[in-house]
Undergrad: 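I am attaching a structure below and will ask some questions about it afterwards.
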Amino acid sequence: MQDKNVVEVNYHQTGKSTNTNELGMREMQARVYQHRKSKYILVKAPPASGKSRALMFVALDKLANQGVKKVIVAVPERSIGRSFKNTDLVKFGFYEDWQVDPQYDLTLNGGQESKVQKLLDFLKDPSGRILVCTHATLRFAYQKVADDHAFDNVMVAIDEFHHVSSNDSSVLGDALRNIMHNSSAHVLAMTGSYFRGDSEPILSPEDEQMFDKVTYTYYEQLDGYQYLKSFGIDYKFYQGRYTDALDEALDTSKKTIIHIPSVNSSESTKDKYDEVDRIFDTIGDINYQDEQTGIYFIRDKHTGKLLKVADLVNEDGREKVGEYLRQLSGPDDLDIIVALNMAKEGFDWPWAEQALTIGYRHSLTEIVQIIGRVTRDSSNKNHAQFTNMIEQPDAKDGDVEYAVNQILKAITASLLMEQVLAPEIHLKRRQHKDERPTGDTDILIKGLKEPSTKRVQSIIENDLPDLKAAILQDSSVKQGIAANVSAEVMNKELIPKVVMTCYPDLNNDEIDQVSQYALADTVIRHAKVETTQDSNGNTDQFLRMADKFINVDQLDINLIESINPFQRAYDVMSQNIDSDTLRIIERSIDAKKYEFTDEELVQLYKNAKRFVAEHGKRPDKNSNNEEEVRMAYALAKLADLRARRNQENE
């Protein structure tokens, strides 16, 4: 286990999430099944929680009891179709098994054109009940359907729903929208991502409100495991080539997936095959490669153990390596996987303990998927680890801003994951001093505004993960973190501005309410809980928030609003980046704060010289005097221009 993680979450190993009820359903599946009569269901649940089987239970009930005649299951890629193969359900307590007619399993080998025709035939086949296909097949088939009524009395189930977009250019998103509005189809959508999409929302707000939402949190899933006890997120910063720094980040005693950077990224050496060779050298000496499976046997240079390593980067022989991975039956079958774009979504290696990812991933959904590879419950591990190797900027580098921006994206993504991995909380306004929470997850806050409309209530209950993702991806917020702006600027200016952009239909009071809940939820989830006991045995719970230590019973919204919710992101960055680089970042951000004409810069420079002569100090950007503030930012602009000119002349 890592000595110190940016994020560390501990779990109770209750076994709840893997136990089954009298119908053979796990906790998450039973929760989805309770909503089986809903016409539109949206399921958010982490990898390994059993979403595919949850779909089977609901689909079979709709076929048997709700007048639905056919079920179409769409998956993003053929390999994920395995999750929907024939499944015994009766022997575990359900009333019917899941059976797919082989002619309607369109994730097997075959051409796209014939599969599209097969789906069209299925819609007209009175005996056809269940079909499994890819998103692409459904998309192409929809374009050939003359009338949306072809989907009447059909249940359309879309797995990995985050691949769909409400954007007009998204054919699948457009198809779903038309099927919902122009036919009697039922829709079940499932996603392992807790974010609506990294740039485009999956559904329009109006369509999303038509769905009955079922959320099963990462915390519920991991807390209910039998073996996994803790999960950590850490960062390793390096300069130069990542392959030279890999030895410090890679723990070869752990079952590990190494994801190398995209060849288009700054972290890549542009030769992915050479990178794999260097990774192999970091592990040890190649003993031999098994010709039948393509697996490498490498002698660990630290322990002398013979490790089994899979190379999914090299296209040559990748098919037989993939086949070997599909046949894995225990922890001794494999030790390390090296991959580029594979071994992420839908990939199942339950024994994996550590994900080592080089370079920032631009999609939060991709980070969730990578983390999902190591958070399976397995008897060979009690800790799961996600480690991100990030390039550290050099103060002499002209791209220092870009590098720091990448670091901030990575760190803020981990803070978002901490939100997802933490126990559920429900914020409520404290009505009077002696009031006590009514539920285990309730947190009372004095002065917290009550949601004034159903719209605000719905956003608070359903959208906070998406909203917090939008806040942390906003360029002004990221600049604010890098510049270590005050809590007041972050909480009263930057966060409400993002809320306003995400929800343009809200009035000012509603924006304030949503901003307040987003802030309070973020601050409290990042807080460390500590318990104290007095001499009489009475216990009190305290939250350590930033530099404050607060009794849970004395939480006040004014106190929360005095805390910058993203202080930790700045702290992690400042601990790993030297002071010269931090100064360059701050100066660069300050230089963009005001727009000055050349004449204004000349005049403000003269004024600043006079100010220094009179006061014996430089103008302060945090001053209450507006003219002093303008002088401070003018000096920052001039310093930035001078530095850029010097770089160009070097």
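Quick note: numbers below take in every heavy atom, side chains included, and nothing from hydrogens, waters or symmetry partners.
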Undergrad: Short question: side chain of Arg376, backbone of Pro350 - any donor-acceptor pair under 3.5 Å?
TA: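 Not a single qualifying donor-acceptor pair exists.
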Undergrad: Just checking, is any N or O donor in the side chain of Asp300 or Thr252 under 3.5 Å from an acceptor N or O on the other one?
TA: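 A donor-acceptor contact under 3.5 Å links the two side chains.
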Undergrad: Can we call the ring centroids of Phe94 and Phe57 under 6.0 Å apart?
TA: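 Yes, ring centres under 6.0 Å apart.
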Undergrad: Restricting to side chain to side chain donor-acceptor pair (under 3.5 Å), what partner residues turn up for Arg36, sequence neighbours left out?
TA: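 Testing Arg36 for side chain to side chain donor-acceptor pair (under 3.5 Å), a comparison that skips the adjacent residues, returns none.
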Undergrad: Gln554: which residues meet the side-chain contact (heavy atoms from CB on, under 4.5 Å) condition with it, sequence neighbours left out?
TA: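 Listed in chain order: Asn551.
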Undergrad: Between Asp466 (side chain) and Asp463 (backbone), is there a donor-acceptor pair under 3.5 Å?
TA: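 Pair absent, no side-chain N/O of Asp466 close to backbone of Asp463.
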Undergrad: Quick one: does any side-chain atom of Trp351 pair with a main-chain N or O of Gly330 as donor and acceptor, under 3.5 Å?
TA: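 Side chain of Trp351 to backbone of Gly330, a donor-acceptor pair under 3.5 Å: no, none is there.
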Undergrad: Under the salt bridge (charged side-chain N to carboxylate O under 4.0 Å, His left out) test, which residues partner Asp377, sequence neighbours left out?
TA: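 Not a single residue meets the salt bridge (charged side-chain N to carboxylate O under 4.0 Å, His left out) criterion with Asp377.
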Undergrad: Does Thr375 reach the main-chain N or O of Ile371 with its side chain, forming a donor-acceptor pair under 3.5 Å?
TA: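 Side chain of Thr375 to backbone of Ile371, a donor-acceptor pair under 3.5 Å: yes, one is there.
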Undergrad: Checking ring-ring contact (aromatic ring centres under 6.0 Å, His included) against Tyr11, which of Tyr225, Tyr219, Phe231 comes through?
TA: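 Exactly one pass, corresponding to Tyr219.
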Undergrad: Which residues satisfy the ring-ring contact (aromatic ring centres under 6.0 Å, His included) test with Tyr227, sequence neighbours excluded?
TA: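 Tyr227: no ring-ring contact (aromatic ring centres under 6.0 Å, His included) contacts found.
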Undergrad: Listed by chain and number, what are the salt bridge (charged side-chain N to carboxylate O under 4.0 Å, His left out) partners of Glu96, not counting sequence neighbours?
TA: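 Glu96 satisfies salt bridge (charged side-chain N to carboxylate O under 4.0 Å, His left out) with Arg129 only.
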Undergrad: When you measure from the side chain of Glu220 to the backbone N and O of Thr217, does any donor-acceptor pair fall under 3.5 Å?
TA: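 At least one qualifying donor-acceptor pair exists.
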Undergrad: Contact between Val214 and Lys44 at the side-chain level, heavy atoms closer than 4.5 Å - yes or no?
TA: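 Answer no - side chains too far apart.
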Undergrad: Can any side-chain N or O of Lys308 pair as donor or acceptor with the backbone N or O of Ile336 at less than 3.5 Å?
TA: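 Answer holds: no.
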Undergrad: With no hydrogens and no angle check, do the side chains of His383 and Glu353 hold a donor and an acceptor under 3.5 Å apart?
TA: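 The criterion, which ignores hydrogens and geometry beyond distance, is not satisfied for Glu353 and His383.
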Undergrad: Under 3.5 Å, side-chain donor or acceptor atoms of residues 20-27 against the rest of the protein: list the pairs with distances, not counting sequence neighbours.
TA:
| unit_1 | atom_1 | unit_2 | atom_2 | d |
| --- | --- | --- | --- | --- |
| Asn21 | OD1 | Leu23 | N | 2.9 |
| Asn21 | OD1 | Gly24 | N | 3.2 |
| Asn21 | OD1 | Met25 | N | 2.9 |
| Arg26 | NH1 | Ala48 | O | 2.8 |
| Glu27 | OE1 | Tyr216 | OH | 2.7 |
| Glu27 | OE2 | Lys16 | NZ | 3.3 |

Undergrad: Test salt bridge (Lys or Arg N to Asp or Glu O under 4.0 Å) on Asp335 and Lys255 and set out the steps.
TA: CA-CA 5 Å; Asp335 297 290; Lys255 305 287 180 187; 2.9 Å; yes
Undergrad: State whether the side chain of Asp212 and the backbone N or O of Ser38 hold a donor-acceptor pair below 3.5 Å, judged by distance alone.
TA: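 A pair under 3.5 Å: no.
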